[in-house]
> 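Quick one: the structure is below, questions incoming.
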Amino acid sequence: MRDKLIRFMQGRYGNDQLNRFLSVACMILLILSMIVKSGIMYYVAIALLVLQMFRTFSRNIPKRYAENQKYLAMSSKVRYAWAKKKNELKQLKTHHIYRCPGCKQKIRVPRGRGRIEIRCPKCRQTFIKKS
Ligand SMILES: [Zn+2]
């Protein structure tokens, strides 16, 4: 069975970032279509699923690769912003993020130090916050 699968996938494109995006979008649309009972959303979700299957089993590897590169280029800003946001959320567990009242610079302060005086590294203004 495993051998058969490997043989079947030989020379076929397989998975990539664009396909992962398509499957996530498909799942979200499927769930949404159930909540709002939208037939159109359901068909779009199925269309995305079919497109993803088509890309996975496609033998036109250069073309699929080019599509993925295009997707990566188009989504790079979003993915970068997302990664930044995620990193910020992770830091919130151990740090507070304050904005300097003088210059609005974001300042990261470790949590659990009680009331502390913070000096802005940019404009040297100091302010008191609870960490
Ligand atoms: Zn400042």
> Under 3.5 Å, which donor-acceptor pairs link side chains of residues 90-97 to any protein atom two or more places apart or in another chain?
unit_1	atom_1	unit_2	atom_2	d
T94	OG1	Q91	O	3.3
H96	NE2	R111	NH1	3.1

> Start with the C-alpha distance between V109 and I118, add both sets of side-chain angles, then the distance that settles side chain to side chain contact (heavy atoms under 4.5 Å, CB included), and finish with yes or no.
CA-CA 8 Å; V109 179; I118 300 162; 3.7 Å; yes
> Are Q125 and P101 packed together at the side-chain level, in the sense that at least one heavy-atom pair is separated by less than 4.5 angstrom?
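Q125 reaches P101 side chain to side chain.
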> I'd like to know whether OH of Y65 has more than 12 heavy-atom contacts from other residues, nucleotides or ligands below 6.0 angstrom.
no
> Between D16 and R55, does the side chain to side chain contact (heavy atoms under 4.5 Å, CB included) criterion hold? Intermediate values first, please.
CA-CA 9 Å; D16 65 3; R55 294 190 73 255; 3.1 Å; yes
> Would T126 and C120 count as a side chain to side chain contact (heavy atoms under 4.5 Å, CB included) if you check the C-alpha gap in whole Å, the side-chain angles of each, and the deciding distance to 0.1 Å?
CA-CA 6 Å; T126 57; C120 172; over 6 Å; no
> Backbone N or O of L72 within a donor-acceptor pair of the R79 side chain at under 3.5 Å?
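Present.
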> List in chain and number order the residues that pass ring pair (Phe, Tyr, Trp, His ring centres under 6.0 Å) with Y13, two or more places apart in sequence or in another chain; answer none if no residue qualifies.
none
> Give a yes-or-no answer on whether the side chains of N15 and T56 include a donor-acceptor pair shorter than 3.5 Å.
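Their side chains do not contain a donor-acceptor pair, so the 3.5 Å distance test is not met.
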> Report yes or no: is the cationic atom of R12 (NZ for Lys, CZ for Arg) closer than 6.0 Å to the six-membered ring centre of F8, at no more than 45° off its axis?
yes
> How long is the straight-line distance from NZ of K122 back to NZ of K106, given to the nearest 0.5 Å?
12.0 Å
> Taking side chain as C-beta onward, heavy atoms only, is I107 less than 4.5 Å from R99?
no
> Distance from K63 atom NZ to S58 atom OG, nearest 0.5 Å?
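Answer for the NZ-OG pair, K63 versus S58, is 8.5 Å.
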> Look at atom OH of Y98 and say whether more than 12 heavy atoms of other residues, nucleotides or ligands are closer to it than 6.0 Å.
yes
> Please determine if R108 and E88 form a salt bridge, counting it only when a charged side-chain N lies under 4.0 Å from a carboxylate O.
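Salt bridge absent between R108 and E88.
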> Identify each donor-acceptor pair in which a side-chain atom of residues 26-52 lies under 3.5 Å from a protein atom, sequence neighbours left out, and give them as a table.
unit_1	atom_1	unit_2	atom_2	d
S33	OG	L29	O	3.4
S33	OG	L30	O	2.8
S38	OG	M41	N	3.1

> List the steps, then state whether side chain to side chain contact (heavy atoms under 4.5 Å, CB included) holds for N19 with R64.
CA-CA 10 Å; N19 271 350; R64 300 290 88 80; over 6 Å; no
> Would you compute the distance between atom OH of Y71 and atom CD of Q17 and round it to the nearest 0.5 angstrom?
7.5 Å
> Do K130 and I116 come close enough that some side-chain heavy atom pair is under 4.5 Å?
no
> Any side-chain heavy atom of K70 sitting closer than 4.5 Å to one from L18?
no
